[in-house]
Every structure is written in structure tokens, then in C-alpha cells.
Amino acid sequence: MAWKTLDDMDLAGKRVLTRVDLNVPMDGGRVSDATRIDRIVPTLKDIVAAGGTPVLLAHFGRPKGQHVPEMSLRPVVPALEAACGLPVTFAADCRGPAAAAAIDGVAPGGVVLLENTRFYPGEEKNDPDLAADFAALGDIYCNDAFSAAHRAHASTEALARLLPACAGRLMQAELSALETALGDPVRPVVAVVGGAKVSTKLDLLGNLVGKVDHLVIGGGMANTFLAAQGIDVGKSLAEHDMTATASEIMAKAEAAGCEIILPGDVVVAREFKAGADNETVAADACPSDAMILDAGPQTVARIAATLDTAKTLIWNGPLGAFEIPPFDTATNAAASQAAALTAAGGLTSVAGGGDTVAALNQAGAAARFTYISTAGGAFLEWMEGKVLPGVAALGG
Ligand code: 3PG
Ligand code: MG
């Protein structure tokens with residue numbers, strides 16, 4: 001990797017401005033899923049062990065440049081302290097005297113958390129003045145927020161250019177997993193892409209067909225591909241205005257030698273609800289008053305056979321309506337298969353983006369995947385082949 005890491009920096013006695021992603025789910029004022037917090041702990045511990053003070057910069061929600069009390073980062077403090085086992089001092093501002101005073105007052109071995117960077121409009125504008133105010137608070141910049149690296153914001157982009165900059169441990173882990181999965185993967189490579197809409201994953205599919213050997217398409221977007229082949233998908237979710245685009249992606253895949261795997265059989269129902277009456281039919285036999293809600297068992301078997309021969313898997317999005325059982329069956333089966341192959345040592349499996357982690361957790365498969373990204377949008381943009389501004393600014 002071309003960018004520096006914490007190992008390249010002299011951290012002793014330094015204030016290390018560390019961009020983290022604390023955009024975590026909250027329920028009743030408490031953190032309900034601490035995954036993102038747990039994953040930054042190695043960075044905080046390594047900085048403290050080297051004699052530095054982590055000064056955390058983070059956003060929460062989308063306050064649009066206003067001071068929105070409900071989007072304060074203060075309620076995250078208890079979960080952060082519990083995760084890292086270090087005392088956390090909260091500063092009610094992310095710039096200026098209040099921030100400086102909190103940093104000056106912290107004892108060695110402590111962590112400072114600054115208030116939501118998005119309370120200032122300059123954050124999302126990548127404002128050099130705000131970045132300069134951040135820089136004045138520290139000696140070194142460490143970006144550990146891969147999941148916010150698709151944003152060119154003052155705390156993710158401009159600031160990286162004002163101080164000696166490095167990647168944190170989570171950023172390193174994310175980048176190395178992604179490089180393993182798509183940068184320089186061991187072949188054959190399978191991508192599983194699901195989700196509702198082709199329109200949101202167009203660039204991603206276009207990029208993947210040039211890079212992977214097999215592309216499994218599931219979820220609502222598979223219906224658009226079926227429709228593009230002239231198949232009547234009944235009342236299924238499908239973007240009928242995207243069928244020409246789907247055809248182009250199929251042609252591009254064929255030219256690139258990428259096999260696209262679409263459902264050959266499907267589970268259909270007349271109602272979109274858990275436990276709805278359902279039947280399994282051939283993909284071209286969806287009744288006109290029914291909708292496709294999952295891939296069928298023959299499709300699952302074909303996906304399993306493809307995974308059996310694969311060496312690398314990259315997964316984004318569920319294969320069916322996984323939130324309403326039994327239409328989570330194909331997602332669960334394919335995820336379990338991938339997890340088992342990974343645990344047996346034959347497969348490197350990387351997953352991320354949006355609903356993916358929830359689906360793999362529900363399948364009980366996430367813990368056995370090689371790597372689960374903390375990123376949503378950033379994972380998708382990276383799968384699209386885009387350069388992420390927060391990574392580029394590290395000089396990598
Ligand atoms: C996320 O939760 O995906 C990241 O923190 C980025 O948040 P954003 O989509 O509001 O920029
Ligand atoms: Mg997002």
C-alpha cells in the first residue's frame with residue numbers, strides 16, 4: 001500500500017486527529033449496534049500505546065450544517081468507553097476554544113471525542129477554513145473511517161492534506177480486504193449482487209462484469225434482467241425502463257467472459273408479507289397476478305455449485321425479500337454455503353454495503369466470512385471502481 005500507516009508515524013506526545021465513523025444505529029438514546037465502534041478500537045489502543053492522544057472527529061446523521069441537538073455525538077460516549085476501555089472526554093464543539101480546552105485537559109491514556117463535524121456547513125463543503133481549524137487541534141491526521149471515505153468532506157479530505165496523514169487499522173483492514181476481493185483476486189471470482197433496483201447498482205454491475213468470472217444477480221434487480229429477456233414477471237418489482245440497460249450489461253458480460261447467473265426458478269406469492277402463501281415455479285412462469293420474492297432451490301443449487309469452484313467471493317445485497325420469511329431462504333442458503341466454504345479454508349469471502357450485513361447476520365453466516373466491511377455507500381462506490389476521495393487524500 002502506498003499510504004502511510006500508524007507504524008510510520010512518531011506518535012509519542014502527539015495529538016492524533018483521528019477520523020472515525022460513529023454513524024451508528026441508536027435506539028432510545030443508546031447505541032443499538034456497536035460494530036463500527038468495536039472496529040476502531042485497535043486504532044485507539046495503538047495510538048495510546050505509542051504515547052499519543054486520539055482526538056476523534058466524526059459525523060452523526062445528516063444535520064445539514066445546523067446544530068441539531070438530537071444529532072449530538074455525546075450519547076455515543078458510554079458505548080465508546082465500554083468498547084475501548086479508555087476514558088473519553090467529550091468536547092461540545094469540533095473546532096475552536098471548547099475543542100482545544102478539552103484536548104489540553106486530557107490526561108495521557110485518554111481519548112477526546114469532538115462534537116458532530118456536520119454541525120458546520122463547511123464539513124460537507126470540504127471547506128479549507130474548517131479543515132484549518134481542525135488541523136490546529138492536532139499534530140497528525142489518521143483516517144480510520146473507510147465507510148465515510150466516499151465523501152470529500154473537510155474531515156475526510158481537506159484535513160488529510162494539512163497534516164502528516166496516515167490510515168488507521170480499520171482503514172487498512174478494509175482496503176486490504178477489498179484489494180484481495182477485487183483488486184488482485186485469486187480466481188475464479190464470484191460476485192453476488194442483490195437488492196431492489198438495477199438503477200442504483202448500474203455502475204457497480206458494469207464494473208463487476210469486467211472483473212469477475214461469475215456474477216450472481218438476485219433480489220428485485222434480477223426481475224429486471226428477466227424482463228429484459230422478454231419474460232413476463234407478473235406483479236414483481238422490476239424497473240421496466242431499465243431493461244435495455246440490463247441487456248447492455250449482459251452483452252458486456254458475454255464479451256468479457258463473465259457468466260451471469262440469473263434465477264432459473266423462483267418463489268412467487270400474491271402478497272408481500274411474512275408467511276404469505278407461495279409456490280416455486282420456473283423463472284418464466286410467474287403468474288400474472290403474482291410477484292417473485294425469492295430465488296428457487298434449483299437456483300440455490302447452481303449458486304452453491306459455483307461457490308464450490310470459486311476461490312474468491314464478493315457479496316453485496318440479498319437474493320430475495322430476506323426481511324420477510326420464508327423469502328429469506330435463498331439468501332440464507334447461499335450465505336451458509338459461503339460461510340462453510342470459507343471456514344473450510346477454500347474461499348475468501350468479503351461482504352459489505354447496505355442490507356448485506358443484516359442479511360448475513362440473519363443467516364448466521366457473517367462471523368465465518370473472511371471480512372465484513374463496515375461500509376455502506378463507500379463499499380458500493382468502491383465496487384463501482386471509483387476512487388474514494390478520503391482514500392486518495394491519504395496519498396495512496
Ligand atoms: C454511512 O453511515 O454510510 C456513513 O457514515 C456515511 O454517511 P452518509 O451517507 O450520511 O455520508
Ligand atoms: Mg450512507
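Note that the structure is predicted; figures quoted are calculated from it, not measured. Residues take their numbers from the sequence shown, with the count starting at 1. Remember, it's 1-based here, ligands and their atoms both numbered in the order they're listed.
L113 has its side chain within reach of L22: a pair of non-hydrogen atoms, C-beta onward, lies under 4.5 Å apart. Between F379 and H150 the shortest side-chain heavy-atom distance does not fall below 4.5 Å.
Rounded to the nearest 0.5 angstrom, M383 CE and L204 CG are separated by 4.5 Å.
Every atom of ligand 1 with a heavy atom of R151 under 4.0 Å away is listed here by number and element: 8 (P), 9 (O), 11 (O). Against a heavy-atom cut-off of under 4.0 Å, D21 is close to the following atoms of ligand 1: 4 (C), 5 (O). Atoms of ligand 1 found under 4.0 Å from any heavy atom of R62, numbered from 1 in the order shown, are 8 (P), 9 (O), 10 (O). Set against the non-hydrogen atoms of N23, the atoms of ligand 1 under 4.0 Å away are 1 (C), 2 (O), 4 (C), 5 (O), 7 (O). When each atom of ligand 1 is checked for a heavy atom of S147 under 4.0 Å away, the hits are 4 (C), 6 (C).
By the criterion of a heavy-atom distance under 4.0 Å, the side chain of R36, and not its backbone, is placed next to ligand 1.
Within the 4.0 Å heavy-atom shell around ligand 1 one finds R118. No heavy atom of A148 sits closer than 4.0 Å to any atom of ligand 1.
Cation-pi geometry between R169 and F146 is not met at under 6.0 angstrom from the ring centre and within 45 degrees of the axis. With Y120 as the aromatic partner, R95 meets the cation-pi criteria of under 6.0 angstrom to the ring centre and within 45 degrees of the ring axis.
Residue K14 qualifies as enclosed at atom NZ: its count of foreign heavy atoms under 6.0 Å is above 12. For CD of E81, the number of neighbouring non-hydrogen atoms (other residues, nucleotides, ligands) closer than 6.0 Å is greater than 12.
In terms of N/O distances under 3.5 Å, ligand 1 is approached by H59.
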